[in-house]
Amino acid sequence: MTREDERSESSERASGRMPASDAEVREVRTDGGDEVEIPEVNYVSGSGVPIRGNDIDTDQIIPARFMKVVTFDGLGEFAFFDLRFDDDDNQKEHPFNEDRFQDSSVMVVNSNFGCGSSREHAPQALMRWGIDAIIGESFAEIFAGNCLALGIPTVTADSETIEELQDWVDANPDGEIDIDVEAETVTYGVPESDDSGANQNSESSDAGQTIDVTVDDAQRKALVDGVWDTTALMKSNAGAVREKARELPYVDDAAIPEAE
């Protein structure tokens with residue numbers, strides 16, 4: 001198993017995209033009797049990585065020369081490539097190059113993140129690097145839609161709140177960030193308990209810092225209800241699509257695929 005595969009499996013379990021129980025899965029039956037599982041993304045939990053700067057476009061997230069691929073496999077290693085390496089492939093200063101952020105799964109960004117071209121390779125590269133959710137000031141609309149298609153929440157907060165969270169992540173690279181998609185909250189700074197179960201810090205800080213964030217209404221419903229995976233939904237309705245195709249006079253029967 002490659003590093004990208006290992007990160008993908010562990011991050012999916014942490015984010016809710018690989019649920020721990022059947023209760024967290026929306027099961028849709030196809031006409032053939034198979035079950036199409038769409039995980040409900042109610043929350044995401046993981047350590048953070050701060051990516052500072054406004055108007056970071058999709059070409060910075062994944063340069064165009066790495067998009068000449070048949071599948072998205074392997075794109076993770078090329079995320080932010082030109083920001084991470086010089087022309088001689090020497091590392092530059094960038095959070096994705098820092099050892100302390102290698103297991104991070106929640107990215108904290110600034111305004112208009114994901115602007116530029118609508119390439120879906122950008123969120124694919126981030127997901128395959130290990131990103132499960134993105135907290136930011138604002139996102140380009142198409143980028144946010146492409147993230148939703150992968151089950152990646154993009155939640156927003158004001159500039160001051162985001163900067164404070166980025167500073168906290170910088171100082172606490174192993175600190176946990178919990179995103180409650182349905183409640184539209186982000187909690188961080190919850191102290192870890194020692195071996196005896198007693199909290200290491202005072203009771204006043206037990207709950208950590210909880211901030212209100214905004215999740216687009218349609219995105220929140222799709223994630224929480226487990227209907228964000230449009231490919232799975234299309235598969236689950238394959239029978240209805242075939243029946244409708246047979247009713248259309250301009251569709252040749254030979255062009256209608258048989259049920260699997």
Quick one: does [X]'s side chain get under 4.5 Å of [Y]'s, heavy atoms only?
X	Y	result
Leu126	Phe143	yes
Asp180	Glu182	yes
Ile162	Ile135	yes
Ile177	Thr187	no
Val224	Glu40	no
Pro153	Val41	yes
Thr210	Val186	no
Val213	Thr156	no

Which pairs of donor and acceptor atoms, one on a side chain in residues 107-115, lie under 3.5 Å apart (sequence neighbours left out)?
| unit_1 | atom_1 | unit_2 | atom_2 | d |
| --- | --- | --- | --- | --- |
| Asn110 | OD1 | Gly53 | N | 2.8 |
| Asn110 | OD1 | Gln166 | NE2 | 3.3 |
| Asn110 | ND2 | Glu137 | OE2 | 3.0 |
| Asn110 | ND2 | Gln166 | OE1 | 3.4 |
| Ser111 | OG | Asn54 | OD1 | 2.9 |
| Asn112 | ND2 | Asp55 | OD1 | 2.9 |

**OP:** For salt bridge (Lys or Arg N to Asp or Glu O under 4.0 Å), just list the numbers for Asp59 and Arg65, CA-CA rounded to whole Å, side-chain angles, deciding distance to a tenth of an Å, and then say yes or no.
**Re:** CA-CA 10 Å; Asp59 190 56; Arg65 65 185 181 279; over 6 Å; no

**OP:** Write down the atom of Pro50, the atom of Val169, and the distance for their closest heavy-atom approach.
**Re:**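 Smallest interatomic distance, heavy atoms only, reads CD-CG1, 3.5 Å.
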
**OP:** Tell me, please, which residues at least two apart from Thr161 pass side chain to side chain contact (heavy atoms under 4.5 Å, CB included).
**Re:**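 Counting only residues at least two positions away or on another chain, Thr161 forms a side chain to side chain contact (heavy atoms under 4.5 Å, CB included) with Ala157, Asp158, Ile211.
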
**OP:** Could I get the full list of side chain to side chain contact (heavy atoms under 4.5 Å, CB included) partners for Gln91, not counting sequence neighbours?
**Re:**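 Once residues adjacent in sequence are excluded, the partners of Gln91 under the side chain to side chain contact (heavy atoms under 4.5 Å, CB included) criterion are Phe85, Asn97.
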
**OP:** Determine whether the side chains of Ser45 and Asp178 contain a donor N or O and an acceptor N or O closer than 3.5 Å.
**Re:**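 Their side chains do contain a donor-acceptor pair, which is all the 3.5 Å distance test asks for.
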
**OP:** Would you check, one step at a time, whether the test side-chain contact (heavy atoms from CB on, under 4.5 Å) holds for Leu150 with Gln124?
**Re:** CA-CA 8 Å; Leu150 299 175; Gln124 285 278 357; 3.3 Å; yes

Subject >> Under the ring pair (Phe, Tyr, Trp, His ring centres under 6.0 Å) test, residues paired with Phe96 that sit two or more places apart >> reply: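 Here the qualifying residues are Phe80, His94, Trp129.
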
Original post:
Quick one: does Ser104's side chain have a donor or acceptor within less than 3.5 Å of a partner on Gly48's backbone?
Top reply: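 Pair found, side chain donor or acceptor close to backbone of Gly48.
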
Original post:
Does the Arg119 side chain pair with the main chain of Ile62, one donor and one acceptor, at a distance under 3.5 Å?
Top reply: yes

Original post:
Taking NZ, NE, NH1 and NH2 as the nitrogens, is one of them in Glu184 or Arg220 under 4.0 Å from a carboxylate oxygen of the other?
Top reply: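 Counted as a salt bridge, because a side-chain N and a carboxylate O are separated by less than 4.0 Å.
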
Subject >> Electrostatic pair Arg52-Asp167, nearest N-O below 4.0 angstrom >> reply: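 Yes, charged N to carboxylate O under 4.0 Å.
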
Subject >> With sequence neighbours excluded, residues passing side chain to side chain donor-acceptor pair (under 3.5 Å) with Gln219 >> reply: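 Result, side chain to side chain donor-acceptor pair (under 3.5 Å) vs Gln219: Thr154.
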
**OP:** Give, for atom SG of Cys147 and atom CD1 of Ile134, the distance between the pair rounded to the nearest 0.5 Å.
**Re:** 4.0 Å

Original post:
Which pairs with one or both residues in residues 83-99 pass salt bridge (Lys or Arg N to Asp or Glu O under 4.0 Å), sequence neighbours excluded?
Top reply: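 Of all non-adjacent pairs touching residues 83-99, those that pass salt bridge (Lys or Arg N to Asp or Glu O under 4.0 Å) are Glu98-Arg100.
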
Original post:
Between Phe72 and His121, what is the ring plane arrangement, given parallel below 30°, perpendicular above 60°, and tilted in between?
Top reply: perpendicular

